[in-house]
Novice: 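The structure is given below, and queries will be raised subsequently.
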Amino acid sequence: VSVERLEDWELVALARRGDQGAYAALVERHQEAAFRTAYLVLRDAPEAEDAAQDAFVKAFQALDRFRSGSVRPWLLKIVMNESLNRVKSRQRRAAAAERAGRATSTEPAWTLDETVMNKEQAQLLRRAMDALKEEERTLIYLRYFLMLSEEELAQYFGCPPGTVKSRLHRALGKLRSIVVRDYPGLVLESVR
Amino acid sequence: MRDDAADLELSIRRLAAAVSYPRTPDLAAGVRARISARAAPTTARPGTWSLAGAALAAVVVATAALVGIVSPAREAMADLFDRISIFEAEDVPEDLPTDIRGEEVTIEEAERRMQRRIHLPDASDGSTMSPQKVLYQELGTGEARGVASFFEPDHGAPFVLMQFDADLAKGLGFGAQATPVDDLGDGEAWWLEGLRIVQIYDESGRLIREAQRQTDTNTLVWTEEGLVFRLEGDLSQEEAIQIAQSVH
């Protein structure tokens with residue numbers, strides 16, 4: 001049977017026994033979500049590629065720890081950890097350079113399609129999201145940018161789906177407060 | 001601005017649609033090359049974690065539903081364990097403390113109570129770092145002892161270096177990762193990320209329940225000179241290894 005026709009868990013089982021072809025198929029299947037996750041956090045394509053590759057290597061080394069459930073949230077959590085660690089290292093390097101009086105490079109930014117959203121408005125909303133706690137921002141990325149289901153989010157955060165819903169509700173409420181307080185120039189879309 | 005959660009949600013969806021992702025690169029070839037370069041342990045182990053350095057230490061993965069049943073599982077396999085054990089925890093209870101506790105003492109007092117030298121890392125200029133704070137921990141009925149030294153380097157993230165005269169277990173929560181680290185200390189060494197339960201065991205293999213805590217801070221663990229070391233901080237793996245290698 002071609003590896004392309006196997007389910008994720010079957011590929012994991014084969015990869016655990018050392019089948020690199022099966023793991024390569026798993027990587028190909030999830031590389032877009034992994035790369036996009038890293039890009040959302042790092043906002044730099046070459047660094048996102050490097051982070052995603054390192055995350056897939058770590059996932060391979062941790063295959064025995066994958067249990068039941070969907071592979072995607074398990075993989076994306078490893079990618080997210082790797083990416084967040086890199087952001088923290090980058091921030092520390094920038095802070096050290098600033099203390100030493102050296103010029104720091106500008107913070108990378110997403111490339112945006114301005115036909116979909118006005119660039120200025122997009123930047124305001126992104127900056128408001130940056131003011132959230134890391135876990136709140138992660139939840140918003142996973143739900144709205146990477147389109148994980150509530151079940152996948154529950155698996156990602158290791159909590160019941162109802163808890164995910166309430167955490168998302170709280171994160172949106174906090175974001176709304178930040179927008180009202182700090183970004184009055186942001187004009188929200190209207191559902192009416 | 002309309003004060004409406006649905007409007008905000010719609011704006012987030014719009015922003016998500018506006019992100020123009022670069023073309024996804026083909027990662028499989030690079031991943032395969034990196035796995036080969038690192039000689040991943042999975043290929044050399046029979047369906048479980050590698051049993052690294054059989055003469056030195058065994059690393060065992062046990063499966064435990066809750067902390068409550070971790071201890072018997074750990075004790076049943078006591079003869080298999082050496083200083084560090086890593087197991088999967090189906091659930092990490094949210095009520096476990098997160099902070100590192102202990103009695104604040106001087107380095108000299110910590111050495112007197114531990115009856116051994118307290119190991120310290122080097123700063124970037126090669127000088128021995130001085131901790132901002134030292135906590136002494138006497139765990140359980142006193143058989144297990146530990147010292148936590150807190151550092152705030154001029155450059156780099158703050159970190160805590162802990163050294164225990166005891167055994168250590170790590171209960172990994174969902175998505176937490178444990179990566180073996182080569183050439184550090186005189187036994188096994190692991191790099192840990194994600195939510196975990198930290199447990200300390202006394203010499204007889206009994207879990208010291210009051211010492212349990214949870215953490216999601218990146219941690220490097222290794223053994224040396226009869227001690228278990230934990231380096232915990234907002235550090236990358238490379239930064240942590242560099243600090244650990246300077247500990248003397």
Side-chain angles (χ1 to χ4, degrees), chain A residues 15-16 18 20 23-24 27-28 31-32 34-36 39-40 45 49 52-54 56-58 60-65 67 74 77-78 81 85-86 88-89 92 96 99 110-114 116-117 122 125-126 140 144-145 155-156 158 172-173 175-176 179-180 184 186-191, chain B residues 1-22 24-32 34-35 38 40-43 45 47-49 61 63 88 90-92 154-157 172-180 193-195 218 234-237 239:
Chain A
R16 275 176 176 159
Q20 292 209 13
Y23 194 63
V27 171
E28 283 167 14
Q31 64 184 5
E32 182 171 280
F35 174 72
R36 290 185 170 198
Y39 179 75
L40 282 172
E49 178 178 353
Q53 283 201 359
D54 266 356
F56 274 119
V57 173
K58 287 184 175 180
F60 182 75
Q61 291 174 319
L63 276 176
D64 288 334
R65 297 196 51 254
R67 298 184 294 272
W74 179 74
K77 187 152 191 171
I78 295 171
N81 282 343
N85 278 336
R86 285 169 181 248
K88 287 167 188 166
S89 294
R92 281 200 297 278
R99 280 197 299 273
W110 299 327
T111 304
L112 293 167
D113 182 347
E114 293 187 57
V116 178
M117 190 174 194
L125 183 51
R126 182 190 56 75
I140 287 176
Y144 297 110
F145 289 68
Q155 192 182 329
Y156 184 102
L172 289 175
L175 181 59
R176 197 149 52 104
V179 168
V180 169
L186 178 58
V187 181
L188 296 180
E189 303 282 327
S190 175
V191 294
Chain B
M1 196 200 77
R2 304 171 76 103
D3 187 14
D4 190 323
D7 291 351
L8 176 60
E9 203 171 352
L10 195 61
S11 294
I12 294 170
R13 290 184 194 279
R14 177 82 70 183
L15 176 61
V19 175
S20 184
Y21 294 96
T24 300
D26 180 11
L27 301 177
V31 170
R32 186 180 291 214
R34 290 183 192 197
I35 288 171
R38 293 185 191 185
T42 301
T43 55
R45 64 197 182 201
T48 182
W49 293 64
V61 177
T63 301
E88 294 180 2
E90 295 288 341
D91 189 19
V92 177
D154 293 336
H155 304 290
L172 304 180
F174 178 80
Q177 302 150 58
T179 309
E193 296 168 285
L195 186 62
N218 293 346
D234 195 5
L235 303 161
S236 69
Q237 185 174 347
E239 290 166 333

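To find a chain, count down the sequence lines: A is the first, B the second, and so on, and within it residues start at 1. For the numbers below, each heavy atom of this structure counts, side chains included, while hydrogens, waters and symmetry mates do not.
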Novice: So, taking the atom named CG in B:Leu8 and the one named CD1 in A:Ile140, what distance separates them when rounded to the nearest 0.5 Å?
Specialist: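 Between B:Leu8 CG and A:Ile140 CD1, I get 7.5 Å after rounding to 0.5 Å.
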Novice: With side-chain contact (heavy atoms from CB on, under 4.5 Å) as the criterion, how do B:Leu27 and A:Phe56 come out once you've worked through the C-alpha distance, each side chain's angles and the decisive distance to 0.1 Å?
Specialist: CA-CA 9 Å; B:Leu27 301 177; A:Phe56 274 119; 3.7 Å; yes
Novice: Which bit of B:Asn218 is near chain A, if near means a heavy-atom gap under 4.5 Å: side chain, backbone, both or neither?
Specialist: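 Interface part for B:Asn218: side chain.
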Novice: Would you compute the distance between atom CD of B:Gln237 and atom NZ of A:Lys58 and round it to the nearest 0.5 angstrom?
Specialist: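 One gets 5.5 Å once the value is rounded to the nearest 0.5 Å.
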Novice: Within a strict 4.5 Å, meaning less than it, do heavy atoms of the A:Leu112 and B:Leu15 side chains meet?
Specialist: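 Yes - at least one pair of side-chain heavy atoms lies under 4.5 Å apart.
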Novice: In terms of heavy-atom pairs under 4.5 Å with chain A, which of B:Pro25, B:Ser236, B:Gly30, B:Ala17 leads?
Specialist: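 Top option by heavy-atom pairs under 4.5 Å: B:Pro25.
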Novice: Out of curiosity, A:Gln61 CD to B:Ile35 CD1, how far, rounded to the nearest 0.5 Å?
Specialist: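 Reported to 0.5 Å precision, the distance equals 7.5 Å.
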Novice: Can you tell which of A:Glu32, A:Glu49, A:Arg36, A:Met117 has the highest number of heavy-atom pairs within less than 4.5 Å of chain B?
Specialist: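 Going by pairs under 4.5 Å, I would pick A:Arg36.
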Novice: With chain B as the partner, which of A:Tyr39, A:Trp110, A:Tyr23 has the greatest number of non-hydrogen pairs under 4.5 Å?
Specialist: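 Ranked by contacts with chain B, first place is A:Tyr39.
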Novice: Roughly how far, to the nearest 0.5 Å, is CG of A:Asn85 from CG of B:Asp234?
Specialist: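 So the gap between those two atoms works out to 7.5 Å.
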Novice: Measuring from atom OH of A:Tyr144 to atom OG of B:Ser11, what distance do you get when rounded to the nearest 0.5 angstrom?
Specialist: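 Here the interatomic distance stands at 11.5 Å.
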Novice: Does any backbone or side-chain atom of A:Val27 lie under 4.5 Å from a heavy atom of chain B? Answer side chain, backbone, both or neither.
Specialist: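 The side chain, not the backbone.
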Novice: How about CZ on A:Arg126, more than 12 heavy atoms from neighbouring residues, nucleotides or ligands closer than 6.0 Å, or not?
Specialist: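 Yes.
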Novice: Which atom pair, heavy atoms only, marks the closest approach of A:Gln31 to B:Ala28?
Specialist: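 Where A:Gln31 meets B:Ala28 most closely, the heavy atoms are OE1-N, 3.9 Å.
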Novice: CZ of A:Arg176 to CD of B:Glu9: how many Å apart, nearest 0.5 Å?
Specialist: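 The distance works out to 11.0 Å.
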Novice: Would you call B:Val19 and A:Phe145 a side-chain contact if the rule is heavy atoms closer than 4.5 Å?
Specialist: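 Yes, close enough: below the 4.5 Å cut-off.
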